There are 2 protein chains.
Amino acid sequence: MDGESTAPRRRGAERTRELLDVILALAEESGYKGMTIEAVARRAGVGKHTIYRRWSSIAELLLDALSHVWVSDLDYRSDGPVREDLREQFLRSSRALSTPPIGPVYRAVIAEAQSDPAVRDALYNRFLVTVEQRTLERVQRAQRTGELDAEADLQFAAEMLSGTLYYRALLTPRPVDDAAIDGLLDMFMAAYATEP
Amino acid sequence: MDGESTAPRRRGAERTRELLDVILALAEESGYKGMTIEAVARRAGVGKHTIYRRWSSIAELLLDALSHVWVSDLDYRSDGPVREDLREQFLRSSRALSTPPIGPVYRAVIAEAQSDPAVRDALYNRFLVTVEQRTLERVQRAQRTGELDAEADLQFAAEMLSGTLYYRALLTPRPVDDAAIDGLLDMFMAAYATEP
DNA sequence: TTGCATCGACACGGTGCGTGCCGATGCCGG
DNA sequence: CCGGCATCGGCACGCACCGTGTCGATGCAA
């Protein structure tokens, strides 16, 4: 699962970092179709064994690479109104998601996930769940401050907020723009805000 | 785009239908990895040209096959409470989505869509948009009957409803169960229902 | 019956996969 | 300082699938 955390061997760690950089560059230049083990090996001037020694499949490599560029942007530090805070974070991460190389790598992981349940689990547990969780914590904080209805169960609301953004960004050709985020938050606030 | 609607030629149409059946069978048995042009040709006892004559790529074939099994289930005919109607339709289509061969074919299309913008557009225009549209029409009808707030702009609400279900069904390992649908509808109704 | 599109079949070069086997390189312990 | 050894790059293999080309045959339609 983690290519580099297992063993900081001789010159292994440097090579590992190099290979991650190479696949990010390939993602940016040639997209999913260009992201193959052989292409990485060629570009890095490396034998394929050197890659297979670190990752058991292209999917593992992609997941690892994604970890390096998608450091789970959603860190809700602001103490402003919950709506403004959500709006800012959603804008920020959807901007990141549509910026190479994150977008192409994310798409590649999703493609791999469709044919490999293990990748689907990894995608979920290492990325999607984190985003949902951070969002849930933020809106629960807003419940405690009285901004949102204290009785509401916000579990599904958090899933819906991040899920709709992922749906639009990754399954439709539409961009996640201000209007989409505002529309989403309109509904969320209409449902749970204490003050009209 | 449509393999069979263009020309009801000699024995072409029969063959076309045969080939669609074959790829659906492959989807059910071996999943995405087994759905290749060569596998279809082998199974059908057919030259590859016979396939390429009808579809320009495996993605076109998949989209066509999906059309035959996913006849856009969402036909809101009931005149009951909008919430019950939505609930029933969501349950029905998410059950269909998780039933072979629809699920595997849908996953295959999504995988292809990640590397080909044209497939992404086709997936969106031929399937996702339809579901959103039907849902939008149903909730707008509920606006006219007074069940939902007449002032609300339900465009994004419709996207959110179907988007969240697709997100859960296709990008996460979680099933779309009653709890998820009820949670989603709780929020939707809390936001827009006229009667508390 | 003739003409022709479609058919199954086979073969081709190209690419990527995953593995196996080299000889060399450079680090680490003794 | 040197021996031992894991890791290294390079190369080759068999396999699978792609997309195209070229056969001769088959069967519908004029």
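This structure is a prediction, so every number in the text was calculated from the model and none was measured. Residue numbers begin at 1 in each chain, while the letters A, B, ... track the order of the sequences.
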Donor-acceptor under 3.5 Å (B/Asp64 side chain, B/Glu60 main chain): no
From C/dT19, D/dG19, D/dG9, nucleotide with atom closest to B/Tyr52 side chain: D/dG19
Side-chain donor-acceptor pair present, B/Glu132, B/Tyr166, cut-off under 3.5 Å: no
Under-4.0 Å side-chain N/O to phosphate OP1/OP2 contact, A/Arg53 with D/dA6: no
Crowding at CD, A/Gln155 (>12 non-hydrogen neighbours, <6.0 Å): no
Under 3.5 Å: donor-acceptor pair, side chain of A/Ser115, backbone of B/Tyr32: no
Under 3.5 Å: donor-acceptor pair, side chain of A/Arg174, backbone of A/Arg168: no
Interatomic distance, B/Ile58 CD1 vs D/dA16 C1' [rounded to whole Å]: 14 Å
Identified side chain to side chain contact (heavy atoms under 4.5 Å, CB included) partner of A/Leu24 from the options A/Leu19, A/Val69, A/Leu66: A/Val69
Short side-chain N/O contact to C/dT6 OP1/OP2 from B/Thr50, under 4.0 Å: no
Atom pair CG (A/Leu184) and OG1 (A/Thr164), whose distance is rounded to the nearest 0.5 Å: 5.0 Å
Rounded interatomic separation in angstrom, taking CD from B/Glu14 and C1' from C/dT6: 13 Å
Phosphate OP1/OP2 of C/dG8: any B/Arg15 side-chain N/O under 4.0 Å: yes
Whole-Å distance separating the NE2 atom of B/His49 from the C1' atom of D/dT26: 17 Å
A/Ala27: side-chain contact (heavy atoms from CB on, under 4.5 Å) partners, not counting sequence neighbours: A/Met35, A/Pro101, A/Pro104, A/Val105
DNA chain C-proximal residues of residues 109-116 of chain A, any heavy atom under 4.0 Å: none
Whole-Å gap separating C1' (D/dC18) and CD1 (B/Ile51): 12 Å
Value in whole Å for how far the C1' atom of C/dG8 lies from CD of B/Glu18: 13 Å
d(NZ, B/Lys48; P, C/dA11) in whole Å: 13 Å
DNA chain D contacts among residues 28-42 of chain B, heavy-atom distance under 4.0 Å: B/Thr36, B/Ile37, B/Glu38, B/Arg42
No-hydrogen, no-angle side-chain donor-acceptor test under 3.5 Å, A/Arg126 and A/Ser67: yes
d(CG, B/Leu19; C1', C/dT6) in whole Å: 13 Å
